[in-house]
Each structure stands twice: as C-alpha cells, then as structure tokens.
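A note on names: the letters A, B, ... follow the listed sequences, proteins ahead of strands, and every chain is numbered from 1.
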There are 2 protein chains.
Amino acid sequence: MPSEETEVGPSRELVSDVFARDCPSRAAFEDVTAKWASLALLALREGNYRFNALRRRVEGVSEKMLSQTLQALERDGMLTRDVVTAIPPRVEYALTPLGAQVAERLRGLADLLEASAGEVARARASYAGRQSQPPVRT
Amino acid sequence: MPSEETEVGPSRELVSDVFARDCPSRAAFEDVTAKWASLALLALREGNYRFNALRRRVEGVSEKMLSQTLQALERDGMLTRDVVTAIPPRVEYALTPLGAQVAERLRGLADLLEASAGEVARARASYAGRQSQPPVRT
DNA sequence: CGGTATCCCTAAGGATACTG
DNA sequence: CAGTATCCTTAGGGATACCG
C-alpha cells in the first residue's frame with residue numbers, strides 16, 4: 001500500500017493545490033505572476049498588441065524576455081498569437097477567455113497596490129527606522 | 001476633493017502605475033507576486049504561522065528564501081513579525097489589513113488557476129502538438 | 001517588423017554550517 | 001526554534017547580431 005496521504009483515484013481529476021510542489025496549478029500560477037507575464041497580461045487587457053507595441057507598453061522588458069514570456073503564456077492557453085504573413089510581417093497577440101479572467105484578477109491586485117502605494121511607502125519608512133537604531137557611541 | 005483624476009501637484013500623491021519602470025507600485029507588485037511571497041501570503045491567510053510551520057506549509061521553499069521573502073513583505077507592510085522572547089524562541093507572522101487584502105486577491109487568482117488546471121493542461125498538449133510537426137522525411 | 005541565436009554577467013536560489 | 005552566514009551552482013536576463 002502506497003503512501004496513504006493521497007487518496008486520489010487514477011481516473012479522477014486531481015485536486016489542484018498551488019501549495020503542492022508538483023501541482024500543475026502552481027506552475028501556471030508562477031507563469032502568470034512572473035515578472036513580465038503579469039504586465040503583459042495586464043497590457044493585453046487594454047486591447048490586442050503587436051510585439052513591439054507591447055514591448056513599448058511594458059516598460060523595461062527586453063526583446064528576449066518578452067518573447068519567452070509570450071511563448072509561455074501562449075503555451076498555457078492565456079493568449080493567442082496570430083501571424084499575418086505580409087510585408088512587413090505582423091503578429092497580433094490577444095487574450096483568450098481564460099487569459100482575460102486571469103488578467104482581470106491581476107488588474108484587481110494592481111489596482112489595490114496602486115491605491116496603497118502611500119501606505120507601502122509609509123511602511124517602508126517605518127521599517128527602515130526600526131531597523132537602524134541611532135548610532136550607539138561605544 | 002479626493003482623487004478626481006490626475007490633478008497631481010508637487011506635494012500631492014503621485015498617480016501610481018504598475019507599467020511605469022520606476023513606480024513604487026510596480027516594486028510592491030513584484031514583491032507580492034514573487035515566487036515565494038505569494039505563497040507565503042496565501043498561507044498566512046489561513047491563520048498565523050511560525051517560521052518553520054510556514055516553511056512546511058510552503059512546499060519547497062528554503063530557509064534562506066523564506067527569510068528574505070518575509071523580510072521584504074514585512075518591509076512593505078504586508079505582514080507583522082512578532083517575536084516572543086522565550087525558550088525556545090517563537091516568532092509569529094501575521095497579515096496586516098493590507099496584506100490580507102492582497103492575499104485575498106491572490107487567493108482569487110489561485111482559485112481560478114486551480115479550477116482551470118485542466119484547461120491549461122489541454123492548452124499545453126495542443127501547443128506541443130502544434131509546435132513539433134511530425135518528423136518530415138527529407 | 002518580429003523575432004531567434006549567441007554571449008556574457010549578475011543575481012536568484014539551494015545546501016550546509018553555525019549562532020542567539 | 002528561528003534565523004544569519006557562507007559557499008556554490010544555476011538560471012534569469014540584458015546586449016548584440018543576424019534571419020525570415
């Protein structure tokens with residue numbers, strides 16, 4: 001008898017849990033919350049984008065990272081990549097319904113943090129003060 | 001007259017934008033969506049945790065990373081660190097109101113992804129199929 | 001335009017050992 | 001127990017060059 005902690009049948013849908021090391025949902029969670037991925041999803045929420053336009057929208061991302069990020073998100077079914085063969089070539093990125101749902105939630109998180117910027121700044125100032133006690137003369 | 005739109009004066013609160021490279025909200029956003037930070041916040045949503053209990057809850061995190069992660073989150077005002085001087089020492093971590101709000105949104109995202117695990121898996125299978133065309137004999 | 005390929009370097013991150 | 005310190009390896013990520 002195998003380890004009894006998992007009483008999941010072979011043909012049943014496994015229970016997803018982001019806390020579990022090997023759970024696919026954790027991988028997906030990490031993919032969408034990755035540094036550039038969340039910003040890309042947020043941007044595509046505003047409408048479709050072509051590669052370089054997206055690159056301009058997401059300040060600071062390099063071509064390489066944007067490319068890798070978009071591949072990962074396409075792979076996970078978060079967005080579609082539509083290649084228009086023409087001169088010059090065009091590639092349009094758009095959210096899938098799933099990607100839109102994810103982006104919506106990321107938006108909520110971003111809104112909260114944008115609105116709480118002041119509170120975070122105050123917390124940081126307070127923390128800095130608590131850490132560095134005034135120089136003690138010895 | 002609270003925040004109407006963008007009447008940003010010198011001494012007024014700046015408009016936060018996660019897309020901006022140097023916006024504090026982007027930093028906070030990245031801190032909170034960092035690999036281990038989101039899981040730590042999610043865990044603390046279940047109740048307070050001591051260091052090693054949290055380490056067990058967040059599968060796969062090393063002592064070092066958990067320590068660094070918790071410091072960053074404390075710094076941003078997402079959680080409190082309560083040291084009980086005793087033998088053995090105890091340190092309790094708990095969410096602040098802000099941290100709880102953030103965690104709540106992360107939970108929504110995690111729920112969505114846990115529920116969509118099947119869809120993601122299908123997308124991945126489809127993607128793999130589209131990428132590797134059947135070996136072409138030359 | 002929309003990438004991929006290569007090079008290279010920094011920083012993330014794990015393992016281990018040690019301290020209060 | 002709750003970390004910090006150290007060491008070391010990997011991988012993230014930027015810059016550049018080049019192809020379809």
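A pairwise comparison of heavy atoms in L42(B) and A103(B) identifies CD1-O, 3.7 Å as the closest pair. When all heavy atoms are compared, the tightest approach of V18(A) to E114(B) is N-OE2, 2.9 Å.
Side chain of S116(A) to main chain of E119(A): no donor-acceptor pair is present (N/O by atom type, distance under 3.5 Å, no hydrogens or angles).
Put simply, NZ on K35(B) is 11 Å from C1' on dA11(D), counting in whole angstrom units.
The bend of the helix from dC1(C)-dG20(D) to dG20(C)-dC1(D), defined by the angle between the axes of its first five and last five pairs, stands at 50° to the nearest 10°.
Y49(B) and V84(B) are not part of a single hydrophobic cluster, where members link through side-chain heavy atoms under 4.5 Å apart. Note on L70(B) and V83(B): same hydrophobic cluster, where clusters join Ile, Leu, Val, Met, Phe, Trp and Tyr whose side-chain heavy atoms are under 4.5 Å apart, directly or indirectly.
Distances shorter than 4.0 Å separate some side-chain N or O of R81(B) from OP1 or OP2 on dG3(D).
Rounding to the nearest 0.5 angstrom, the gap separating the CG atom in D22(B) from the CG atom in D17(B) is 11.5 Å. Rounding to the nearest 0.5 Å gives a distance of 10.0 Å between CZ of F19(A) and CD of E59(B).
Residues meeting the side chain to side chain contact (heavy atoms under 4.5 Å, CB included) test with R105(A), sequence neighbours left out: Q101(A), L109(B), L112(B). Legend: residues meeting salt bridge (charged side-chain N to carboxylate O under 4.0 Å, His left out) with D82(B), ordered by chain and number and at least two apart, are absent. Listed by chain and number, the residues in a side-chain hydrogen bond (donor to acceptor under 3.5 Å, both in side chains) with T80(B) amount to none (sequence neighbours excluded). For R56(B), the side chain to side chain contact (heavy atoms under 4.5 Å, CB included) partners two or more places apart in sequence, or in a different chain, are N52(B), A53(B). Take R122(B) and apply the side-chain hydrogen bond (donor to acceptor under 3.5 Å, both in side chains) test, not counting sequence neighbours, and it matches no residue. Every residue meeting the side chain to side chain contact (heavy atoms under 4.5 Å, CB included) condition with V61(A), not counting sequence neighbours, appears here in chain and number order: W36(A), R55(A), V58(A), M65(A), L66(A).
Residue pairs meeting the salt bridge (Lys or Arg N to Asp or Glu O under 4.0 Å) criterion with at least one partner in residues 23-50 of chain A, sequence neighbours excluded, are R26(A)-E30(A), D31(A)-R124(B), E46(A)-R57(A).
Side-chain contact, Y93(B) with R81(B): a donor N or O sits under 3.5 Å from an acceptor N or O.
Annotation: proximity of residues 66-76 of chain A to DNA chain C (heavy atom, distance under 4.0 Å) is found for S67(A), Q71(A), numbered in ascending order. Using a 4.0 Å cutoff on non-hydrogen atoms, no part of residues 20-31 of chain A comes near DNA chain C. Annotation: proximity of residues 48-64 of chain A to DNA chain C (heavy atom, distance under 4.0 Å) is found for R50(A), F51(A), N52(A), E63(A), K64(A), numbered in ascending order.
For DNA chain C, the span of nucleotides reached by chain A at under 4.0 Å from its heavy atoms goes, 5' to 3', from dC1(C) to dC7(C).
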